[in-house]
Amino acid sequence: MAGGAQAASHSISACLITKTDTNPFFVKMKEGAEAKAEELGIELNSYAGKIDGDVETQIAAVESCIAAGAKGILITPSDGPSLTPIITQAREAGALVIALDTPFEPADVADATFATDNFKAGELIGEWAAASLENPEEAKIAMLDLNASEVSVDYLRNNGFLQGFGIDIKDPTDIGDEDDPRIVGNDVTNGNEEGGRTAMENLMQVDSSINVVYTINEPAAAGAYEALRSFGMEDQALIVSVDGGCPGVQNVKEGVIGATSMQFPLLMASLGVEAIAKFAEDGTKPENSEGLDFTNTGVELVTDNPVDGIPSITSDEALEKCWG
């Protein structure tokens with residue numbers, strides 16, 4: 001657990017709890033939260049799990065925030081169900097709890113959620129992949145997911161991709177229950193490059209003719225590409241992903257990733273800190289975007305091979321907006 005107060009003299013305290021402190025997405029999120037907290041005069045304590053899925057450290061962090069009397073807690077939950085009891089305690093203690101990036105299940109476990117429309121992010125890259133293939137009916141698809149917990153951000157992106165590609169979804173909250181023969185299989189990556197490489201190697205042993213690779217995020221995509229390249233097969237498969245980090249966008253520019261859906265972690269975090277400040281001032285809680293159970297912070301498709309009917313921006317345009 002990594003923690004540190006920005007300024008002990010600040011009268012309002014808040015916490016940021018991310019899944020890790022190494023993933024560039026969460027690094028940028030922390031930067032956004034710290035900058036906004038400093039601007040608004042809020043004392044911010046930051047915590048992070050050791051790896052994606054380290055729920056025990058996140059629970060301990062919430063306990064520390066409750067004990068410190070934090071007015072607000074921003075959290076990217078590693079395992080929503082396991083965190084729900086301690087999140088409920090935090091709210092009962094008077095803290096405003098805002099989920100960032102990954103919604104709880106149900107979303108109203110937290111007071112509010114600031115996130116990408118993760119289903120839409122997956123759907124965009126699924127539509128692009130299907131439109132980019134000469135014959136999508138002959139696709140051989142590798143699905144590189146996050147971890148066995150199947151948190152909401154994981155199944156939303158996975159199933160959004162499948163729907164965008166034109167594959168019928170069975171259970172919208174489950175991963176891997178589809179019976180479409182185009183799906184070679186699912187494996188987990190823990191959202192990092194090493195995991196992406198291993199997962200890709202595993203699925204290539206199932207079917208070496210894979211020509212589409214869905215990845216939960218861009219570090220996993222980079223690992224998948226390295227696995228393909230080690231077998232001299234890097235030109236065989238379209239790789240698609242979600243994130244919008246500068247390394248990932250650069251990989252789009254270099255042809256490693258065909259398309260990615262860009263999200264905006266700095267915006268999520270800064271809006272979260274602003275919401276805590278407003279709550280501390282007059283008790284106001286954030287409102288959801290129309291028709292959604294969260295505040296949508298936006299998503300944009302990034303590719304240098306656009307297809308008709310799917311709005312996108314180029315890698316050069318995305319490099320002006322990227323993070324990490």
Side-chain angles (χ1 to χ4, degrees), residues 52 118-119 121-151 153-243 248 251-252 254-261 303 305 307 310:
D52 203 319
N118 282 295
F119 190 89
E123 192 173 31
L124 284 169
I125 55 176
E127 291 174 349
W128 179 88
S132 298
L133 291 179
E134 185 173 337
N135 187 357
E137 293 302 316
E138 296 180 357
K140 295 291 184 180
I141 306 170
M143 302 292 295
L144 273 57
D145 298 300
L146 184 57
N147 57 40
S149 297
E150 295 190 16
V151 295
V153 68
D154 202 5
Y155 67 68
L156 287 169
R157 293 180 187 181
N158 176 294
N159 291 330
F161 167 84
L162 294 177
Q163 179 164 298
F165 199 87
I167 292 174
D168 289 336
I169 302 167
K170 299 294 185 181
D171 182 345
T173 64
D174 194 18
I175 290 175
D177 61 342
E178 285 73 28
D179 54 13
D180 193 298
R182 291 175 289 181
I183 302 174
V184 171
N186 296 70
D187 207 338
V188 298
T189 66
N190 289 317
N192 60 50
E193 188 168 339
E194 181 180 355
R197 184 183 302 110
T198 300
M200 190 72 240
E201 290 170 350
N202 292 341
L203 292 175
M204 287 170 66
Q205 292 179 29
V206 176
D207 190 334
S208 62
S209 65
I210 289 168
N211 60 1
V212 177
V213 182
Y214 156 83
T215 59
I216 179 69
N217 65 9
E218 291 158 2
Y225 177 81
E226 288 304 315
L228 288 164
R229 190 171 69 169
S230 70
F231 289 98
M233 299 164 63
E234 66 269 26
D235 295 328
Q236 174 176 298
L238 286 176
I239 300 175
V240 295
S241 198
V242 178
D243 257 350
N251 276 343
V252 172
E254 295 174 3
V256 171
I257 298 173
T260 192
S261 287
T303 183
N305 297 292
V307 297
I310 307 176

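Since this is a predicted model, take the numbers as computed values, not measurements.
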Looking only at atom types and distance, does a side-chain atom of Thr303 sit under 3.5 Å from a main-chain N or O of Ala259, one as donor and one as acceptor?
no
Counting only N and O atoms by type, is there a donor-acceptor contact under 3.5 Å from the side chain of Thr189 to the main-chain atoms of Gly195?
no
Tightest non-hydrogen contact, residues Val307 and Ala131, listed as CG2-CB, 4.0 Å
With a 4.5 Å cut-off on side-chain heavy atoms, are Asp179 and Lys170 touching?
yes
Reported CG-to-CD1 distance for the pair Asn251 and Ile239, which is rounded to 0.5 angstrom:
8.5 Å
Treating Gln236 as the side-chain partner and Ser208 as the backbone partner, does any N or O pair qualify as donor plus acceptor under 3.5 Å?
yes
Of all the heavy-atom pairs spanning Thr215 and Ser241, show the shortest one and how long it is.
OG1-OG, 2.8 Å
Working to the nearest 0.5 angstrom, can you tell me the gap between Leu144 CG and Asn190 CG?
11.5 Å
Report yes or no: does Glu150 contribute a side-chain atom to a donor-acceptor pair with the main-chain N or O of Ile175 at less than 3.5 Å?
yes
State plainly whether the residues Glu193 and Arg197 are in salt-bridge range, i.e. N to O under 4.0 Å.
yes
So, Ser261 side chain and Val242 main chain: donor-acceptor pair closer than 3.5 Å or not?
no
Shortest non-hydrogen contact from Trp128 toward Leu238
CH2-CD2, 3.9 Å
Any Lys/Arg nitrogen of Glu137 or Arg182 sitting under 4.0 Å from an Asp/Glu carboxylate oxygen of the other?
yes
So, taking the atom named CD in Glu254 and the one named OH in Tyr225, what distance separates them when rounded to the nearest 0.5 Å?
8.5 Å
Under the criterion side-chain hydrogen bond (donor to acceptor under 3.5 Å, both in side chains), I'd like the reasoning laid out for Asp145 against Asn186: C-alpha separation, chi angles, the key distance, then a yes or no.
CA-CA 7 Å; Asp145 298 300; Asn186 296 70; 2.8 Å; yes
Any side-chain donor-acceptor pair under 3.5 Å between Ser209 and Asp207?
yes
Side-chain donor or acceptor of Asp171 paired with backbone N/O of Thr173 under 3.5 Å:
yes
